[in-house]
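Structure first, commentary second.
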Amino acid sequence: MERGSGATQSGEGPAVFEPVIVAFLCNWCACEGADAAGRARLELPANVRPVRLLCSGRVDPQHVLEAFACGADGVLILGCRPGECRYREGNLHAMKRVALLRRLLGPLGVETERLDLEWVAAGEGKRYAEVVTGMVESLRALGPLKPQSASTHTTAKAPDARTKVEL
Amino acid sequence: MCRIGVYICECGPNIGRTLRLPALVQSTGNLTGVVRVRRVPVLCGREGLDFLGEEIVAQGLDRVVVAGCSPREHESTFRSVLERAGLNPYMLQVANIREQCEWVVRDRDQATGLARRLVAGAVARVRHHEPLLPSEIAVSTDVVVIGAGTAGVRAALTLAGKKRVVHLVERLPCVGGKVPLYEDVFPGMACAACVMDPMLDELLHHDGIRVHLMSSVEELLGFKGNFTVRLLQSPRYVDPEACLGCGACVEACPVRVPDEWNPGLAERRAVAVPYPGVLPSLAVVDPRHCLRWQGEDCRACEEACPFDAVRFEEEARVQEIQAGAVIVATGFDLSDPGRFPQYGYGRLADVITSFELERMLNSSGPTGGRVLRKDGTVPGHAGFVLCVGSRDPRAAPHCSEVCCRYTLKFLHRILAQGAVDRATVFHAGLHLPGGASQDLYRALEGNPSVHFVRMGAPNSAGILEQNGSLAVRFPDEEGRVRSHLVDMAILAPAMEGASGNRELARILHLETGGTGFFDQGITLLDRVEAGREGVFVAGCAAGPTDILGAATGGQAAAGRVLSELVPGETLRLEPVTAGVDETLCSGCAVCEGLCPYGAIERKDDPPRIMVNRVLCRGCGTCAAACPSGAVHCAHFSDGQIAAEVEAMLGREDQGERSKEKGSRIAG
């Protein structure tokens, strides 16, 4: 069965680790930026799983933890540039939450590079492509998210989260 | 059990060149809840839409997934199809396999794998969709307009033209704002009174407009369509029905105080008709200076009035008004140049502001239209100093928009009437937008009496007294200090938000920017957005603009009100908003401070919060912050987001397990 994490590319040569990234996209900027990348036929890695939300401020830290628990190797939150949030400062709330989450993820054994927040404006198809490609490349280098903890996660409930701490 | 139909659009030749559609159809058919998978050549075309509608009915579908282009293209189109076919429009999810898959992934296997995950995510999500219904509320279509300057009056007349009841609230005892105090207005050198008076007459005689003078908004309760506005009206101590503005009372008044309408130029009495030509033409008693409020029993004005119009017994009045919308048109004030001591304003007699010159040039003003120094002599050489505070990050970072143009106006006026022999303009780059302003400038080119001198930077000049003249000193563009002697210096102070704006912002729950303007809601496509539903901002209240800009802003704000609040129509509330599960809410109110729209209110007994659906715009930052999962977000619920994420990560095929609460770790 296709798994989120640890998939490798088949074919000639050495197998390359292909990370899976969940990207939470603001409807008003990053979603449009991603579409702009598509309209421009830019080449993007197939590793990104986009989730459309009305605002990056909607991303609950729990959504991020669930994504990791379900096998994501990285989580990307893409919002409007500061000062351009459709809802004034949802993007800034997202920034604070990401800062806190990264501090929590470190001790849990999740490298902080696995969670990133970037600003992508509606017209910035090229920037969208650069951001997602850059993250895919850095996660390829980093490797899968702790195979032992990721593989023991069959569900994403609280006991599992505690197990991860004990590990 | 769900009955989900998945429709894969081929988008003509656009989808399927890279994606292997047969494989996508096959894997989609195995997803939980899917009863139907079809490929359609062009789903957004007439035939495709008809087909989709027929399928929903024929297959008895209760949910639909469309895999095709971006939801930003056709989500609303497909929602309409669902609605026509008897399904709630929110039972749809769109998987973007075109822009975010077909068009960007080159490898066929990888693209097909990604598309499978995108469709699986959409199917898992749509299983958690719930029907959402817009709700409707009755609204008042009356409007409160705050400020009776150019913007407020244009707004009021535009609204009244469509039979809206308008309450025009003005803190001064007269209407018209600042423009009636000028002699001419740029760019056409039109007579200010000729422009304004007919409009103000129409205003004061309009049946649909109630003008509340000497009034201020003390409280704003409620929300769009249902505001309650509390007004406080100060007493005029003069009966407007009886007074004709003849001025007999003014002659009799023994008190003399500086005249705010002619700063530094004239005195007025404690009872006054504000300025010649004022509308409405009525006297007003100033209790800050009238002897009766200093404990004396003076009745000079009362005795002098031929119409028995004086009413010392009058008291302040409070009234409540129901309204559907509020337009803020409070205009601007000129900043005090005394803030920058280097200009010598207030210390050097013949350093004046542009407003003082406006009053001098006004033919019915304190000097009868003559430009005079403080000693009564005529200045030979006038210096105009621009950007006094403007464009300086330490003072007013903005360009005040109008100073360069009104300075050209001054030049034309004073040269035409021979008020001065020479004029020099000290500027840091002239801002003269529009053809008419350029004409005004060109007409001065080559005039030997006018000199334009470039300063090195805005707000960089200083003025010193030198042998009975004024020396204007500034570094030029090469940094060399230059000095020019003039007899009178006219400063162009930065415009800033009207002095009452910060207090008004508190009352209206709006924000002002650093220079006191209501400019925080403005976007490139919307200069009247104030940042709160049902409240709009017009004219200089939103930032510096000229008379035409103010008038246009008033009309634009009125237009928004006319299109959003229509008599006989209810207000349709979008269903994608936050809501609260009161059994989970502890009333911690973390969300309250985060809401950018003031849509969340904390209640007691028991402590809990409530979401006002009129004000909520559905961003969901409250739901993201709620520590107990009590705040939920319609159509973007935790369960829906978690289901989509899990399925896209390949967790969807693990059989049916309860996702009613998603996979919330704490839930």
Side-chain angles (χ1 to χ4, degrees), chain A residues 1-5 7 9-10 18 20 22 24 27 31-32 34-63 65-67 69-72 84-90 93-94 97 129 154-158 160-161, chain B residues 69-73 94 96 98-107 109-114 116-118 121 125 511 520-521 523 531 576 594 596-597 617-626 629 633 635-636 638 641-642 644-646 648-651 653-654 657 662-667:
Chain A
M1 191 185 71
E2 188 177 349
R3 266 215 33 81
S5 188
Q9 213 172 358
S10 55
E18 288 296 340
V20 175
V22 171
F24 293 104
N27 180 55
C31 242
E32 186 62 27
D35 287 353
R39 287 193 297 272
R41 311 297 199 276
L42 301 180
E43 184 168 359
L44 294 179
N47 309 53
V48 179
R49 308 282 184 266
V51 179
R52 182 168 73 125
L53 300 173
L54 286 187
C55 179
S56 55
R58 173 67 188 98
V59 180
D60 191 321
Q62 205 143 314
H63 301 150
L65 298 179
E66 280 164 2
C70 289
E84 297 180 4
C85 175
R86 171 97 172 183
Y87 308 100
R88 287 199 221 159
E89 45 191 39
H93 296 314
R97 289 170 191 146
T154 50
T155 62
K157 287 180 183 158
D160 288 4
Chain B
C69 63
S70 167
R72 298 175 61 85
E73 296 248 345
V94 174
N96 182 354
R98 192 180 73 174
E99 284 87 344
Q100 292 174 14
C101 185
E102 170 85 30
W103 281 354
V104 290
V105 179
R106 303 287 184 262
D107 181 273
D109 291 331
Q110 287 185 16
T112 308
L114 175 59
R116 288 170 61 180
R117 297 271 61 90
L118 296 177
R125 189 187 204 282
E511 284 175 25
Q520 301 296 294
T523 67
V576 179
L594 293 176
Y597 305 109
R617 299 193 190 182
C619 70
T621 200
C622 52
C626 179
C633 207
H635 209 57
F636 290 91
D638 291 328
I641 295 168
E644 185 176 3
V645 168
E646 284 180 37
M648 288 205 300
L649 291 171
R651 293 297 177 101
D653 302 325
Q654 298 181 355
R657 62 186 181 81
S663 60
R664 285 187 69 85
I665 292 170

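Reckoned from all heavy atoms, side chains included, excluding hydrogens, waters and symmetry mates. In what follows, every chain begins at residue 1, and chains take the letters A, B, ... in the order their sequences are listed.
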Query raised in the report: Between A/Arg49 and B/Glu646, is there a donor-acceptor pair closer than 3.5 Å when you use the side chain of the first and the backbone of the second?
Result: no
Which atoms of [X] come close to chain B, meaning under 4.5 Å heavy atom to heavy atom: side chain ones, backbone ones, both, or neither?
X	answer
A/Leu53	both
A/Val59	backbone
A/Asn27	both
A/Glu89	neither
A/Arg86	backbone

Distance-minimising heavy-atom pair for [X] and [Y]:
X	Y	answer
B/Trp103	A/Gly38	CE3-O, 3.3 Å
B/Tyr597	A/Tyr87	OH-CA, 3.2 Å
B/Leu594	A/His93	CD2-CE1, 3.2 Å
B/Ala623	A/Arg58	CB-NH1, 3.6 Å
A/Ala69	B/Arg651	O-NH2, 3.7 Å

Interatomic distance, [X] atom [atom1] to [Y] atom [atom2] [nearest 0.5 angstrom]:
X	Y	atom1	atom2	value
A/Glu66	B/Asp638	CD	CG	7.0 Å
A/Leu54	B/Arg617	CG	CZ	13.0 Å
A/Cys31	B/Glu99	SG	CD	10.0 Å

Query raised in the report: Can you tell which of B/Gln100, B/Arg72, B/Arg98 makes a side chain to side chain donor-acceptor pair (under 3.5 Å) with A/Asp35?
Result: B/Gln100
Requested in this report: Tell me, for B/Asp109 versus chain A, whether the close heavy atoms (under 4.5 Å) come from the side chain, the backbone, both or neither.
Outcome: neither
Query raised in the report: When heavy-atom pairs shorter than 4.5 Å are enumerated against chain B, which of A/Asn47, A/Leu44, A/Val51 gives the highest number?
Result: A/Leu44
Report task. Could you check which of A/Ala46, A/Cys55, A/Ala40 has the highest count of heavy-atom pairs closer than 4.5 Å to chain B? Result -> A/Ala46
Report task. Dump the intermediate steps for side-chain hydrogen bond (donor to acceptor under 3.5 Å, both in side chains) on B/Thr621 and A/Arg88, then the final yes or no. Result -> CA-CA 11 Å; B/Thr621 200; A/Arg88 287 199 221 159; over 6 Å; no
Please identify, among [options], the residue contributing the most non-hydrogen atom pairs under 4.5 Å to chain A.
options	answer
B/Gly521, B/Gly531, B/Cys622, B/Gly618	B/Gly531
B/Ile641, B/Val104, B/Val645	B/Val104
B/Cys101, B/Ala624, B/Cys633	B/Ala624

Query raised in the report: Is there a side-chain contact between A/Pro50 and B/Leu118, using heavy atoms and a 4.5 Å cut-off?
Result: yes
